[in-house]
> 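First the structure, then my questions, so here it is.
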Amino acid sequence: MTTLATVITGASSGIGEALAHLFAPEHQTLVLVARRKERLEALAKELNAKHGIKVHVIAQDLQEAGAAASLMSAIAALGLSVDTLVNNAGFGESTPFAKADAAKTSGMMQLNMVALTELTHQALPTMIERGHGRIMNIASVVAFQPCPYFAVYAATKAYVLSLTEALAEEVKGRGILVTAVCPGSTNTGFHEVANTKGSLLDKIAESPEMVAEEAYKALNNSKVVIVTGLMNKPVPTINRLIPRRAMTWAVAKMLGH
Ligand SMILES: NC(=O)c1ccc[n+]([C@@H]2O[C@H](COP(=O)([O-])OP(=O)(O)OC[C@H]3O[C@@H](n4cnc5c(N)ncnc54)[C@H](OP(=O)(O)O)[C@@H]3O)[C@@H](O)[C@H]2O)c1
């Protein structure tokens with residue numbers, strides 16, 4: 001018999017970990033995915049003890065080509081079918097584009113866009129057949145404008161936002177909730193990895209728990225796009241009112257190296 005599951009990528013820290021705490025009380029089987037297995041196992045133990053739910057851990061590097069297919073096979077081998085997919089794993093890098101490491105840049109595109117797309121593509125047909133499912137894709141406020149010195153990262157998140165909005169329209173009325181989450185700067189491991197630790201972005205960061213709560217509510221209230229944090233709410237409107245070149249210049253001034 002197939003059991004329905006909630007799959008959360010990037011659950012070993014930050015926003016993904018906070019989301020796992022919110023999905024756990026739903027009492028659906030959880031699948032936690034990331035590379036750091038020990039962290040996932042500790043979280044699985046905690047959630048199992050608190051909520052009495054079955055929590056599976058899959059250590060998987062989603063930057064590798066074919067990772068999404070391997071992950072879906074591993075999930076199927078556990079006798080599980082994806083009912084809720086949270087595409088949260090991702091990272092950024094703040095750097096002048098010309099100086100960016102080529103392998104790191106490709107890995108970022110593979111993780112932030114390709115793995116997210118492939119997982120969604122593989123999970124969606126069964127959700128449509130079942131007439132039920134939820135997909136949460138973590139984008140970012142940087143999805144709304146070009147971001148010099150964060151160029152590739154912002155472009156990957158613009159992709160996530162666009163894909164998610166399009167998908168939400170395609171599945172409208174079929175019982176599937178699709179939400180793009182656009183957090184502003186959040187106090188997680190992200191800044192260490194992105195080379196923005198100690199920067200203005202890091203200083204104005206909000207808590208991952210707050211981001212997760214807004215994201216979780218938005219998904220269940222059928223919101224297609226949610227910008228989390230009061231300070232960030234005006235970002236889409238500002239980007240509609242101010243010419244794109246002026247916004248790009250302003251962001252370059254803010255993020256300039
Ligand atoms: N923090 C912010 O300011 C901010 C703002 C807007 C959007 N976001 C987005 O929010 C999402 C979560 O990030 P976070 O802020 O919570 O940062 P985080 O604490 O660094 O979490 C990132 C998660 O992604 C996982 N991950 C990274 N590379 C992976 C890989 N190759 N394969 C599988 N999993 C991988 C990490 O786990 P392992 O290292 O164990 O693999 C970790 O669980 C990301 O998509 C990020 O772009 C963050």
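Note that the numbering runs from 1 along the sequence shown for the chain. Numbering of ligands and ligand atoms starts at 1, following listing order.
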> Apart from I226 itself, what residues make up its hydrophobic cluster, given side-chain heavy atom links below 4.5 Å?
I8, I15, L19, L22, F23, L30, L32, L40, L43, L47, I53, V55, V57, V86, M136, I138, L177, V181, M210, V211, Y216, L219

> S13 heavy atoms, cut-off 4.0 Å: which ligand 1 atoms fall inside?
18 (P), 19 (O), 21 (O), 42 (C), 43 (O)

> Which atoms from ligand 1 have a heavy atom of D61 less than 4.0 Å away?
30 (C), 31 (N), 32 (N)

> For E17, which part has a heavy atom under 4.0 Å from ligand 1: side chain, backbone, both, or neither?
neither

> Does the N or O separation between A34 and ligand 1 drop below 3.5 Å for any pair?
no

> Suppose we measure from atom 33 (C) of ligand 1 to each protein heavy atom; which comes out shortest, and what is that distance?
Q60 O, 3.4 Å

> Going by the atom numbers of ligand 1, which of them fall below 4.0 Å from some non-hydrogen atom of S140?
6 (C), 7 (C)

> What protein heavy atom sits nearest atom 17 (O) of ligand 1, and how far away is it?
T188 OG1, 3.2 Å

> Can you figure out which of T196, T186, T9 has its heavy atom closest to atom 3 (O) of ligand 1?
T186

> Determine whether the side chains of R134 and T179 contain a donor N or O and an acceptor N or O closer than 3.5 Å.
no

> Please confirm whether G184 comes under 4.0 Å of ligand 1, counting heavy atoms of the residue only.
yes

> Quick one: look up the protein heavy atom nearest atom 28 (N) of ligand 1 and list residue, atom name and how far away it is.
R35 NH2, 3.2 Å

> Determine, for E169 against K172, whether the closest basic-nitrogen to carboxylate-oxygen distance falls under 4.0 angstrom.
yes

> Nearest non-hydrogen atom to atom 6 (C) of ligand 1 belongs to which of P208, P183, S12?
P183

> Looking only at the aromatic ring of each residue, does the gap between the centers of F150 and F97 stay below 6.0 angstrom?
no

> Counting from 1, what ligand 1 atoms have a heavy atom of I15 closer than 4.0 Å?
10 (O), 15 (O), 16 (O)

> Using a strict 4.0 Å cut-off to heavy atoms of G14, name the atoms of ligand 1 that fall inside it.
16 (O), 19 (O)

> Would you indicate which of G90, G107, A59 comes nearest to atom 22 (C) of ligand 1 when only heavy atoms are counted?
G90

> Any non-hydrogen atom of G92 lying under 4.0 Å from ligand 1?
no

